[in-house]
Amino acid sequence: MCGVVGIVAKSDVNVLLYDALIMLQHRGQDAAGIMTCDGGQLNQRKDVGLVSDVFKARHMERLRGTIGIGHVRYPTAGSSGPSLAQPFYVNSPYGICMAHNGNLTNSRELLEHVFKSDLRHVNTDSDSEILLNVFAHELQLQGKLQPEPDDIFAAVGRVHGRCRGAYAVVGMIANYGLFAFRDPHGIRPLILGRRHASEGIEYMVASESVAFDSLGFEIERDLLPGEALFIDTNGRLHSRQCADRAELTPCIFEHVYFARPDSLMDNISVYKTRLRMGEKLAEKIARERPNHDIDVVIPVPDTSRVSAQAIAETLQIKFREGFMKNRYIGRTFIMPGQKQRKKSVRQKLNPVKLEFQGKNVLLVDDSIVRGTTSKEIIQMARDAGALRVFMASAAPPVRFPNVYGIDMPAARELIAHNKTVDQVASAIGADWLIYQDIEDLIASAHEGNPAIERFDCAVFNGEYVTDDVDESYLDRLAEERNDAAKTKLNGLVEGGADEVIGLHNPAREVVR
């Protein structure tokens with residue numbers, strides 16, 4: 001999961017891009033990058049770290065231009081390093097840069113084809129760089145000195161024909177304009193905004209609408225699945241549906257965990273969705289445990305707070321903030337290695353003991369992935385003096401890996417995989433555990449936009465909307481994403497970006 005933004009303005013966009021990335025920082029804390037275009041010259045700054053660490057005043061001064069794109073990176077495959085920071089760039093044709101949110105499910109086949117048939121060099125293991133080279137190759141086939149919107153849309157159409165998986169993309173063509181497109185399933189979010197400046201209309205494309213709010217942009221609309229936009233240097237907006245078969249099936253886990261509650265995605269309020277999730281889960285608690293003895297509802301900050309408040313209100317139980325959060329610790333379920341995750345949980349959360357002492361506590365979390373965090377938090381509640389500790393998950397059991405851009409691990413590392421609810425409760429040390437029903441989760445999101453007939457719920461039901469994910473693919477993914485593989489890869493990355501270039505790159509095996 002990553003955050004992307006692209007802006008076409010009437011004056012320098014460097015500060016606008018910086019502020020937008022700050023608003024999207026929750027979508028990725030591994031690396032950040034900005035690229036701008038000034039009179040045909042591309043200016044770039046990217047590195048590992050948070051937005052505020054990567055960009056200093058001296059960098060911002062060099063990022064001149066009225067068109068630009070930005071990216072915050074979340075390490076989908078567990079790897080990190082400067083070479084994987086985005087945007088990526090190729091000089092042919094025209095000079096193209098791209099920032100990508102999502103994950104290609106056929107990246108291995110694409111990589112070999114890009115090398116053997118397109119005769120292009122891919123320098124990293126990032127599927128984003130592969131996607132950029134596929135787009136660049138298809139655009140070059142147009143054979144024009146000056147590309148027109150029709151040429152860009154034709155290239156995007158052929159990208160849709162070659163690439164499978166999830167991709168929400170923003171990019172620039174030097175001296176020509178900004179483009180953006182979304183995969184034919186619309187798995188990852190991408191939204192268009194606009195504002196009126198004295199010289200004319202300015203446009204922004206971003207992963208979430210929250211990036212618009214502080215910058216004075218208003219929501220125009222979400223990009224349709226399979227749709228592409230092109231905004232030229234004169235600020236003219238062009239758009240076209242570029243996919244033969246498009247169906248909006250957005251990832252429901254965006255609403256569970258990743259998106260900010262103040263965002264609108266595909267015309268659905270994330271806040272309202274989480275509120276409805278809490279109400280429905282409270283109704284399930286009332287049905288299945290009518291004689292519960294819960295004294296207090298406490299959220300596991302921050303994503304579960306809205307659902308926890310709704311549970312407390314529906315059940316008419318006290319709501320309290322029982323954990324104080326250290327906001328300088330990253331999201332723990334993506335961290336490699338159980339020891340590191342356990343240590344991070346204790347550093348990340350500290351209990352307010354008075355809210356636990358002598359009470360039966362219902363802890364509410366947005367989801368339970370590996371179970372490491374839940375087990376540590378439950379033990380922290382007991383250590384703080386809780387009599388009994390119950391656990392509620394605002395999402396159904398996570399039983400399957402995510403292949404569309406969220407680094408959920410191999411199935412065998414998911415605590416709910418092949419386990420009953422009681423077995424999971426025992427494993428994490430809860431007195432009892434209750435999960436959201438998948439039908440209620442879907443209904444919570446669907447109510448926000450009844451036009452969406454289907455969501456990607458693969459992590460809960462194993463139904464992958466791109467229809468190209470089988471057991472052999474998941475087995476290969478498991479080997480790449482398990483803790484041992486991540487630990488080995490991260491060890492290589494610590495030595496420098498040059499040491500990780502070429503890992504698992506089948507195209508390189510051809511030339512050995």
*Asks:* Among all residues two or more places apart in sequence or in another chain, which pass the side-chain hydrogen bond (donor to acceptor under 3.5 Å, both in side chains) test with Asn461?
*Replies:*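 Here no residue qualifies.
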*Asks:* Judged by atom type as modelled, is there a donor-acceptor pair below 3.5 Å linking the side chain of Ser444 to the main-chain atoms of Asp440?
*Replies:* yes
*Asks:* Judged by atom type as modelled, is there a donor-acceptor pair below 3.5 Å linking the side chain of Thr273 to the main-chain atoms of Ser269?
*Replies:* yes
*Asks:* Are the side chains of Val205 and Leu190 in contact, using a 4.5 Å heavy-atom criterion?
*Replies:* yes
*Asks:* Any heavy-atom pair between the side chains of Tyr18 and Val5 that's under 4.5 Å?
*Replies:* no
*Asks:* Taking the side chain from Arg399 and the backbone from Ala416, do they hold a donor-acceptor pair closer than 3.5 Å?
*Replies:* yes
*Asks:* Is a side-chain N or O of Lys284 found less than 3.5 angstrom from the main chain of Tyr435, in a donor-acceptor match?
*Replies:* yes
*Asks:* Please determine whether a side-chain nitrogen of the Lys or Arg among Arg412 and Glu479 lies less than 4.0 Å from a carboxylate oxygen of the Asp or Glu.
*Replies:*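 Salt bridge: yes.
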*Asks:* Using a strict threshold of under 4.0 Å (side-chain N to carboxylate O), is an ion pair present between Asp266 and Arg182?
*Replies:* yes
*Asks:* Which heavy-atom pair separates Leu229 from Ser239 by the least distance, and what is that distance?
*Replies:* CD2-CB, 3.3 Å
*Asks:* Flag the pair Asp295 and Lys318 as a salt bridge only when some basic side-chain nitrogen lies within less than 4.0 angstrom of an acidic carboxylate oxygen.
*Replies:*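 No, no charged N to carboxylate O under 4.0 Å.
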*Asks:* Just wondering, do Asp302 and Arg305 contact through their side chains at under 4.5 Å, heavy atoms?
*Replies:* yes
*Asks:* Could you state the interatomic distance from CD1 (Ile368) to CG (Leu414), rounded to the nearest 0.5 Å?
*Replies:* 12.0 Å
*Asks:* What is the minimum heavy-atom distance between Gly70 and Ala99, and which atoms define it?
*Replies:*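 Looks like O-CB, 3.9 Å.
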*Asks:* side-chain contact (heavy atoms from CB on, under 4.5 Å) for Ile252 and Asp456? Distances and angles first, verdict last.
*Replies:* CA-CA 6 Å; Ile252 205 164; Asp456 168 51; over 6 Å; no
*Asks:* What are the two closest non-hydrogen atoms of His100 and His71, and how far apart are they?
*Replies:* O-NE2, 3.1 Å
*Asks:* Give a yes or no on this: more than 12 heavy atoms of other residues, nucleotides or ligands lie within 6.0 Å of atom NZ of Lys272.
*Replies:*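 Counting neighbours around NZ of Lys272, 12 or fewer heavy atoms of other residues, nucleotides or ligands fall under 6.0 Å, so no.
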*Asks:* With the threshold set at 4.0 Å, does a side-chain nitrogen-carboxylate oxygen contact exist between Asp383 and Lys353?
*Replies:*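 A salt bridge is absent here (no side-chain N lies under 4.0 Å from a carboxylate O).
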*Asks:* If I take atom CZ from residue Arg274 and atom OH from residue Tyr257, how far apart are they, to the nearest 0.5 angstrom?
*Replies:* 10.0 Å
*Asks:* Below 4.0 angstrom, N of the basic side chain to O of the carboxylate: do Glu471 and Arg476 qualify?
*Replies:* no
*Asks:* Determine whether a donor-acceptor pair (N or O, by modelled atom type, separation under 3.5 Å) exists between the side chain of Gln25 and the backbone of Leu50.
*Replies:*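 Judged by distance alone, no pair lies under 3.5 Å.
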*Asks:* Given side chains that start at C-beta, do those of Ile34 and Phe55 come closer than 4.5 Å, heavy atoms only?
*Replies:*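 They are in contact (side-chain heavy atoms under 4.5 Å apart), so the answer is yes.
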*Asks:* Would you sort out whether Phe88 and Leu131 count as a side-chain contact (heavy atoms from CB on, under 4.5 Å), showing the intermediate values?
*Replies:* CA-CA 10 Å; Phe88 284 116; Leu131 180 59; over 6 Å; no
*Asks:* Is it the case that the side chain of Asn106 and the backbone of Arg162 share a donor-acceptor pair, with hydrogens and angles ignored and the cut-off at 3.5 Å?
*Replies:*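 At least one qualifying donor-acceptor pair exists.
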*Asks:* Could you go step by step and tell me if Glu355 and Lys359 meet the salt bridge (Lys or Arg N to Asp or Glu O under 4.0 Å) rule?
*Replies:* CA-CA 8 Å; Glu355 298 299 340; Lys359 298 176 183 176; 3.5 Å; yes
*Asks:* Looking only at non-hydrogen atoms, find the nearest pair between Ile298 and Gly322 and report the distance.
*Replies:*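 Smallest heavy-atom distance, with atoms named: CG2-N, 3.5 Å.
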*Asks:* Around Arg287, counting heavy atoms of other residues, nucleotides and ligands shown, do more than 12 lie under 6.0 Å from its CZ?
*Replies:* yes
*Asks:* Can you list the residues that meet the side-chain hydrogen bond (donor to acceptor under 3.5 Å, both in side chains) rule with Glu129, with sequence neighbours excluded?
*Replies:* Thr124
*Asks:* Is Arg27 salt-bridged to Glu208, cutoff N-O under 4.0 Å?
*Replies:* yes
*Asks:* Quick one: are Ile438 and Cys457 in side-chain contact, heavy atoms under 4.5 Å?
*Replies:* yes
*Asks:* Tell me if the CD atom of Glu109 is crowded by more than 12 foreign heavy atoms within 6.0 Å.
*Replies:*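 Count over threshold, so yes.
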*Asks:* Report yes if the side chains of Arg289 and Trp432 come closer than 4.5 Å at any heavy-atom pair, otherwise no.
*Replies:* yes
*Asks:* Treating Tyr74 as the side-chain partner and Asp407 as the backbone partner, does any N or O pair qualify as donor plus acceptor under 3.5 Å?
*Replies:*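 At least one qualifying donor-acceptor pair exists.
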*Asks:* side-chain contact (heavy atoms from CB on, under 4.5 Å) for Leu84 and Arg73? Distances and angles first, verdict last.
*Replies:* CA-CA 9 Å; Leu84 297 174; Arg73 182 173 188 265; 3.8 Å; yes
*Asks:* Using a 4.5 Å cut-off on heavy atoms from C-beta on, say whether the side chain of Met98 contacts that of Pro87.
*Replies:* no
*Asks:* Where the side chain of Gln436 meets the backbone of Met277, is there a donor-acceptor pair that is under 3.5 Å apart?
*Replies:*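 At least one qualifying donor-acceptor pair exists.
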*Asks:* Set out, in order, the CA-CA distance, both residues' side-chain angles and the distance that settles salt bridge (Lys or Arg N to Asp or Glu O under 4.0 Å) for Arg388 and Asp293, then state yes or no.
*Replies:* CA-CA 9 Å; Arg388 303 179 72 199; Asp293 52 353; 3.2 Å; yes
*Asks:* Under a 3.5 Å threshold, yes or no: a donor from one side chain and an acceptor from the other, between Asn267 and Asn449?
*Replies:* no
*Asks:* Tell me the closest heavy-atom pair linking Ala445 and Phe455, and the distance in Å.
*Replies:* CB-CZ, 3.7 Å
*Asks:* What residue among Val469, Leu104, Val459 forms side-chain contact (heavy atoms from CB on, under 4.5 Å) with Val403?
*Replies:* Val469
*Asks:* Assess the residue pair Thr314 and Glu279 against the criterion (side chain to side chain donor-acceptor pair (under 3.5 Å)); give the C-alpha distance rounded to whole Å, side-chain angles, the decisive distance to 0.1 Å, and a yes or no.
*Replies:* CA-CA 6 Å; Thr314 304; Glu279 292 168 350; 5.3 Å; no
*Asks:* Assess whether salt bridge (Lys or Arg N to Asp or Glu O under 4.0 Å) is satisfied between Glu227 and Arg221, documenting all intermediate values.
*Replies:* CA-CA 12 Å; Glu227 184 185 15; Arg221 61 182 179 85; 2.6 Å; yes
*Asks:* Heavy-atom distance under 4.5 Å between the side chains of Ile187 and Val465, does that happen here?
*Replies:* yes
*Asks:* Whether the side chain of Gln241 engages the backbone of Ala243 through a donor-acceptor N/O pair (distance < 3.5 Å, no angle test) should be reported.
*Replies:*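 Yes; at least one donor-acceptor contact below 3.5 Å.
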*Asks:* Under the criterion side-chain contact (heavy atoms from CB on, under 4.5 Å), I'd like the reasoning laid out for Thr466 against His185: C-alpha separation, chi angles, the key distance, then a yes or no.
*Replies:* CA-CA 8 Å; Thr466 53; His185 294 277; 3.8 Å; yes
*Asks:* For His417 and Ala411, work out which heavy atoms get closest and say how close.
*Replies:*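 Result for this residue pair: CB-O, 3.1 Å.
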*Asks:* Quick one: sort the Tyr464 and Tyr404 rings into parallel, tilted or perpendicular, breaks at 30° and 60°.
*Replies:* perpendicular
*Asks:* Would you say the side-chain atoms of Thr105 and Asp468 include a donor-acceptor pair closer than 3.5 Å?
*Replies:*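 Distance-only check passes for Thr105 and Asp468.
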*Asks:* Okay, side chain of Ser207, backbone of Val4: is any donor-acceptor separation there less than 3.5 Å?
*Replies:* yes
*Asks:* For the residue pair His160 and Phe181, does the interplanar ring angle fall in the parallel (under 30°), tilted (30 to 60°) or perpendicular (over 60°) class?
*Replies:*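 Taking Phe181 first and then His160, their aromatic rings stand perpendicular (interplane angle over 60°).
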*Asks:* Could you go through the salt bridge (Lys or Arg N to Asp or Glu O under 4.0 Å) check for Arg382 and Asp431 one step at a time?
*Replies:* CA-CA 11 Å; Arg382 295 193 190 281; Asp431 289 289; 3.0 Å; yes
*Asks:* Using the rule given for side chain to side chain donor-acceptor pair (under 3.5 Å), can you reason through Ser472 versus Asp470, listing the C-alpha separation, both sets of side-chain angles and the distance that settles it, and then say yes or no?
*Replies:* CA-CA 6 Å; Ser472 63; Asp470 54 20; 2.8 Å; yes
*Asks:* If the threshold is 4.0 Å, N to carboxylate O, is there a salt bridge linking Asp183 and Arg188?
*Replies:*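 No salt bridge links Asp183 with Arg188.
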